[in-house]
Structure formats: C-alpha cells, structure tokens
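Here the structure is a predicted model, which means the values were calculated and not measured.
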Amino acid sequence: MRTGETRPQQLTRPDGTPIRVLAVDDEPSLTELLSMAMRYEGWQVSTAGSGLAAVQAARDVRPDAIVLDMMLPDFDGLEVMRRIRSEQPDIPVIFLTAKDAVEDRIGGLTAGGDDYVTKPFSLEELIARLRGLLRRTGAGQARSSSTLVVGDLVLDEESHEVTRAGEPITLTATEFELLRYLMRNPRRVLSKAQILDRVWNYDFGGQANVVELYISYLRKKVDAGRPAMIHTMRGAGYVLRPAG
C-alpha cells in the first residue's frame, strides 16, 4: 500500500467473524502470495493444490468464497466447482485462467462462475474483485473503521461495546484500553513496559504488577470458558491471537 492511500473498510462475515476464502492453484508460490494478500485483509485462508484437495477443503472449511484455477493436475476448475456446489450451491467462485481465449472465460461464467481474472494478474485487482463479490453475494459486510476484529473477538472503539462469538463482554475503562491496545497489535508480543506506557501513560518502574493484575482481569472476561486468546510469553510480555 502506497503512502497516503486509505485502506478499505475491513470485510467480515455477518456474524463478525473473519471471511473464509479457499485459494486453489497447483503453483505453491501463487497460493502463498494469494494467502498473504488475503490475510492482510484480515481473512482466514485455506489452500489446495488439486481438485480433490479443493473439494475436501471446501467440505472441511465451508469457505465464503473460492479463488479457483481453471487448470489443475487432476481435473479442471469447472468440475471442482460442480462438485463443491453440489454441497454448497451458493458459494461464489472467481476463476483464474492462464488462457486468454474468450470462450474459456465465457465457459467458466456460463457454467456458474461469478467472475474471472486472467494470469498474470495483480493481487490488488484480484482482492478488489473478491471484495466486490463478497459484498454482492452478502457473504461479507463492511466493518466501520472504529471496529477491531481478532478471531471471534470484536471491539467497537466508538460505542465501547465488546463481544466474543456474539456474546457481550462488560469491561471497565482500563480493561477496555488494555484490550484495545492488544487488539490493535494482534500476534505481536507486547512487553509490560510498552503496555504501561500506552495504557497507563507512565514509564516502567516497578509497576509491572498492575499489568499482570489487569491481564488476569481480562482473561477472566475474554477467555473464561472459551479457547484462550491472551497468552503470556515468559520473560517477554503478552500476546493476543485468534484461538485455534
């Protein structure tokens, strides 16, 4: 993303959980690039390198959309789509095709594909097409820029409402600020000194126990009876990451 550009609003599933996308291509380097671009959007990505693997992954993951290569080592993308849609009839599909032939593109769309891009393509274009497709099909909806989402944990910075898996969580003002800092830095280990400086606005100096205390408060509310999201990294600090 270039300096000065505004990142589009984050898309999530209607229940607030991350969009799930299945990327299918027999080139591992391409699926890795696709995965990186989609994860940057905050989406969960699964990959498959063959038709059979794609059908099984769709069954396991129940994705919200599929990016599907036309040419696969076992059978073609049209057959993959037919098999998946026999179980998930409304799932949107974007085809990737190395062919520039008009009939190939029309074939994919008349067979039920929702869109296509021709290789080589830009990741930005593919993500934009995917975002548009998710919006049109109702699989994804925009979250306001004031909303933070990590896994099934959602925090609204304006209303101060917090939910996990749709269940409301009531926090004190300090607990809210601590959780907001953790959620703004998912998967990043934050030291006690950093937390003190950002949440309590004073330098580290023998006050580490207040951080430990409030982390324990948060755990009782955010993680109680659920898979843990807040983790202690011994000697380093704390990290918030999606459960599972």
Side-chain angles (χ1 to χ4, degrees), residues 1 6-25 30-48 53-54 56-68 84 87-88 90-94 114-115 123-124 126-159 161-169 179-190 218 221-223 225-231 238-244:
M1 182 169 292
T6 301
R7 184 174 171 180
Q9 289 182 321
Q10 185 179 18
L11 282 183
T12 68
R13 305 176 88 201
D15 63 0
T17 56
I19 292 288
R20 300 174 192 161
V21 182
L22 174 61
V24 186
D25 198 288
L30 180 56
T31 51
E32 181 58 31
L33 280 173
L34 290 173
S35 296
M36 287 174 60
M38 293 178 199
R39 288 190 182 110
Y40 181 73
E41 295 292 317
W43 303 341
Q44 290 181 353
V45 189
S46 302
T47 61
Q56 186 59 53
R59 203 170 280 144
D60 295 341
V61 177
R62 310 291 294 184
D64 300 298
I66 301 175
V67 178
L68 179 57
I84 291 174
E87 298 181 19
Q88 302 172 62
D90 299 323
I91 193 163
V93 174
I94 291 183
D114 299 278
D115 203 350
L123 287 172
E124 290 83 0
L126 178 61
I127 294 298
R129 297 272 193 99
L130 200 46
R131 288 175 63 87
L133 185 57
L134 287 161
R135 285 176 185 274
R136 290 196 305 274
T137 59
Q141 57 187 32
R143 284 275 170 188
S144 71
S145 57
S146 67
T147 303
L148 301 175
V149 181
V150 179
D152 61 356
L153 185 63
V154 180
L155 179 148
D156 190 311
E157 295 182 288
E158 291 182 359
S159 68
E161 294 175 345
V162 178
T163 62
R164 183 161 180 197
E167 293 292 320
I169 297 172
L179 183 60
R180 170 155 61 179
Y181 184 43
L182 292 171
M183 289 184 70
R184 282 180 172 174
N185 296 274
R187 298 185 177 87
R188 179 183 167 197
V189 178
L190 302 170
L218 265 189
K221 295 183 177 183
V222 172
D223 287 345
R226 307 179 179 100
M229 293 183 69
I230 302 170
H231 302 272
Y238 302 96
V239 62
L240 177 84
R241 52 177 179 256

Checking Asp114 side chain against Val93 main chain: does a donor-acceptor pair fall under 3.5 Å?
yes
Give the minimum heavy-atom separation between Ala228 and Ala243, together with the two atoms involved.
O-CB, 3.9 Å
Taking C-beta and beyond as the side chain, do Arg187 and Pro242 meet within less than 4.5 Å on heavy atoms?
yes
Please report the shortest heavy-atom distance between Ser35 and Val45, naming the atom on each side.
OG-CG1, 3.6 Å
For Trp43 and Ile127: C-alpha separation, side-chain torsions, deciding distance, then whether side-chain contact (heavy atoms from CB on, under 4.5 Å) applies.
CA-CA 11 Å; Trp43 303 341; Ile127 294 298; 4.3 Å; yes
Is it the case that the side chain of Arg20 and the backbone of Val61 share a donor-acceptor pair, with hydrogens and angles ignored and the cut-off at 3.5 Å?
yes
Quick one: are Ile84 and Ile66 in side-chain contact, heavy atoms under 4.5 Å?
yes
Candidate pair Glu41 and Arg131, rule side-chain contact (heavy atoms from CB on, under 4.5 Å), full reasoning:
CA-CA 10 Å; Glu41 295 292 317; Arg131 288 175 63 87; 2.9 Å; yes
Is a donor on one side and an acceptor on the other found under 3.5 Å between the side chain of Gln44 and the backbone of Ile19?
no
Would you say Leu155 and Thr147 make side-chain contact, with heavy atoms under 4.5 Å?
no
Spell out, as yes or no, whether a donor-acceptor pair under 3.5 Å connects the side chain of Arg226 to the backbone of Val222.
yes
Can we say Glu157 and Arg184 salt-bridge, meaning some charged N sits less than 4.0 Å from an Asp/Glu carboxylate O?
yes
Give me the one residue out of Asp25, Val24, Ile94 that meets side-chain contact (heavy atoms from CB on, under 4.5 Å) with Leu68.
Val24
Glu32: partners by side-chain hydrogen bond (donor to acceptor under 3.5 Å, both in side chains), with sequence neighbours left out:
none
Write down the atom of Leu130, the atom of Met38, and the distance for their closest heavy-atom approach.
CD2-CE, 4.0 Å
For the residue pair Val162 and Leu153, establish whether any side-chain heavy-atom pair is separated by less than 4.5 Å.
yes
Hey, what do you get for CD (Glu87) to CZ (Arg62), rounding to the nearest 0.5 Å?
7.0 Å
Checking Asp90 now: which residues fulfil side-chain hydrogen bond (donor to acceptor under 3.5 Å, both in side chains) with it, not counting sequence neighbours?
none
Leu182 and Leu190, any side-chain heavy atoms less than 4.5 Å apart:
yes
Which pair of heavy atoms, one from Ile91 and one from Pro63, lies closest together, and at what distance?
CD1-O, 3.2 Å
Nearest heavy-atom neighbours spanning Pro18 and Gly42
CB-O, 3.5 Å
With a 4.5 Å limit on heavy-atom distance, are the side chains of Ile169 and Thr163 in contact?
no
At their closest point, which heavy atom of Pro186 faces which heavy atom of Val150, and how far apart are they?
CB-CG2, 4.0 Å
Once you round to the nearest 0.5 Å, how far does CG of Leu133 lie from CG of Asp115?
6.5 Å
Kindly write out the residues that satisfy salt bridge (Lys or Arg N to Asp or Glu O under 4.0 Å) with Arg164, not counting sequence neighbours, or none if the list is empty.
Asp152, Asp223
Under 4.5 Å between any side-chain heavy atoms of His231 and Arg241, yes or no?
yes
Are Asp64 and Leu134 packed together at the side-chain level, in the sense that at least one heavy-atom pair is separated by less than 4.5 angstrom?
yes
To the nearest 0.5 Å, atom CG of Leu123 lies from atom CG of Leu33 at 5.5 Å
